[in-house]
Amino acid sequence: MILGITGGFGSGKSSVLRFFASRSWFVMDADSVCRSFYENKEPELMDCLRDNFGSGIFDANGFADRRKLGEILFRVPEKMDLITRVIYPMLTEKIHQAINECREKKQNGAFELPLLYEAGFENCFDKVLAVWIPADLRKKRLLGRNFSPDEVDRRDRMQMPPDEKLERADFGVINSGTTDELFAQLTTIAEKLENSNLHI
């Protein structure tokens, strides 16, 4: 079973991914993969950043300063398209590579992609699970994690509404309670998926 996991910013997707890891599923976090492109100074990405944002966003060691980049994108969000045109093909290659390895090893895989629908990744997966949380509770949790209201609003504008993600997904979980309550919902779904004929 190859499962895509999505949901709004701050909905609890990472907790869901940890749950599937605890059941010995292969797991991949798309945000971490994308961060690795910056950390590894992927040449195509570095060239894109230098050409479109200038050398001022790089530190003394040649790493892109993602805080400075974020400040620019906050002011001119349409420039994000310049970066995604480079990152998405690289991310797609990593995802397909991992999915193929899961299928070859007959291993269940769970892939967390915040922009799963927005980027057209839904056809990569056998099933999609959406994590949903009431908007006021989600914002309260994010502010408690030191995100500013402007940052929360900016990220929300870049994503499909959480209600729509929940409606489109094959499975949904409501993350408005405790971790135990979330994991109880996930256990029911995981058992169904693990026994599915869609396995590899």
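Since the model is a prediction, treat every value here as computed from it, not as a measurement. Because only heavy atoms are used, hydrogens play no part in the values below, and waters and symmetry mates are left out as well, while side chains stay in.
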Same cluster or not: L137 versus V131, using hydrophobic residues (I, L, V, M, F, W, Y) connected whenever any side-chain heavy atoms lie under 4.5 Å apart? no
Apply side chain to side chain contact (heavy atoms under 4.5 Å, CB included) to I83 and L69, showing your working. CA-CA 11 Å; I83 299 173; L69 182 61; 3.9 Å; yes
Quick one, L73 and F53 - any side-chain contact, counting heavy atoms below 4.5 Å? yes
Once rounded to the nearest 0.5 Å, what's the spacing between atom CZ of R141 and atom CG of D136? 10.5 Å
Mind checking the CD1-CD spacing from I2 to Q107? Nearest 0.5 Å is all I need. 8.5 Å
Does atom CD of E167 have more than 12 heavy-atom neighbours, drawn from other residues, nucleotides or ligands, at distances under 6.0 Å? no
Before you tell me yes or no, could you show the steps for I133 and K140 under side chain to side chain contact (heavy atoms under 4.5 Å, CB included), namely the whole-Å CA-CA distance, both residues' side-chain angles and the distance that decides it to 0.1 Å? CA-CA 11 Å; I133 182 173; K140 180 180 178 181; over 6 Å; no
Smallest separation among heavy atoms of C34 and I87, with atom names: SG-CG2, 3.6 Å
Which pairs, with at least one residue in residues 47-58 and sequence neighbours excluded, count as a side chain to side chain donor-acceptor pair (under 3.5 Å)? none
Quick check: does any side chain N or O of N61 sit under 3.5 Å from a backbone N or O of F63, one acting as donor and the other as acceptor? no
Nearest heavy-atom neighbours spanning F111 and A98: CE2-CB, 3.7 Å
Looking at CG of D65 and NZ of K68, how far apart are the two atoms once the value is rounded to the nearest 0.5 Å? 5.0 Å
Find the distance between OG (S148) and CG (L142) and round it off to the nearest 0.5 Å. 10.5 Å
For Y88, does its backbone N or O pair with a side-chain atom of T92 as donor and acceptor, under 3.5 Å? yes
Residues at least two apart in sequence or cross-chain that pass side-chain contact (heavy atoms from CB on, under 4.5 Å) with T179, listed by chain then number, are F183
Looking at CG of D29 and CG of L17, how far apart are the two atoms once the value is rounded to the nearest 0.5 Å? 6.5 Å
List the atom of F37, the atom of M46, and the distance in Å for their closest heavy-atom pair. O-CE, 4.2 Å
Output yes when a side-chain donor or acceptor of Y117 lies under 3.5 Å from a complementary backbone atom of Q159, and no otherwise. no
Please examine the side chains of K192 and F171, heavy atoms only from C-beta on, and report whether any two atoms are closer than 4.5 Å. yes
In short, E118 meets M160 closest at the heavy-atom pair OE2-N, 2.6 Å
Does CD belonging to E93 count more than 12 external heavy atoms closer than 6.0 Å? no
D126 and R103: CA distance, side-chain angles, deciding distance, salt bridge (Lys or Arg N to Asp or Glu O under 4.0 Å) verdict: CA-CA 12 Å; D126 298 324; R103 295 198 189 279; 3.2 Å; yes
Expected output: side-chain N108 to main-chain M1 donor-acceptor under 3.5 Å: yes
Transitive ILVMFWY side-chain link L113 to W132, under 4.5 Å: no
Give a yes or no on whether the backbone of I174 and the side-chain of Q185 come within a donor-acceptor separation of less than 3.5 Å. yes
Going only through I, L, V, M, F, W and Y residues with side-chain contacts under 4.5 Å, is there a path from L129 to L182? yes
Checking K139 side chain against P134 main chain: does a donor-acceptor pair fall under 3.5 Å? no
Does any non-hydrogen side-chain atom of F20 lie less than 4.5 Å from one of L186? yes
Apply side chain to side chain contact (heavy atoms under 4.5 Å, CB included) to E112 and V16, showing your working. CA-CA 9 Å; E112 178 193 340; V16 173; over 6 Å; no
Do V27 and R18 come within less than 4.5 Å of each other through their side chains, counting heavy atoms only? no
Given side chain to side chain contact (heavy atoms under 4.5 Å, CB included), test E39 with R66 step by step and report yes or no. CA-CA 10 Å; E39 293 164 358; R66 297 183 68 197; 5.9 Å; no
Are the side chains of E42 and V86 in contact, using a 4.5 Å heavy-atom criterion? no
Backbone N or O of T178 within a donor-acceptor pair of the E181 side chain at under 3.5 Å? yes
Within the distance-only criterion (no hydrogens, no angle test), does the side chain of N175 pair as donor or acceptor with the backbone N or O of S11 below 3.5 angstrom? yes
What is the distance from atom CD1 of I99 to atom NZ of K94, rounded to the nearest 0.5 Å? 14.0 Å
Would you indicate whether the side-chain heavy atoms of F125 and T6 approach each other to under 4.5 Å? no
Can you see which heavy atom on A130 is nearest to which on L166, and at what distance? CB-CA, 3.8 Å
So, for L82 and C48, which heavy atoms are closest and what is the spacing to 0.1 Å? O-SG, 3.3 Å
Evaluate the side-chain proximity of I189 to F19: yes if any heavy-atom separation is below 4.5 Å, no if none is. no
Flag yes if L143 and F9 sit in one hydrophobic cluster, no otherwise; membership is Ile, Leu, Val, Met, Phe, Trp, Tyr, and two members link when side-chain heavy atoms are under 4.5 Å apart. no
With a 3.5 Å distance limit and no angle check, can you tell me whether K165 reaches the backbone of P114 through a side-chain donor-acceptor pair? yes
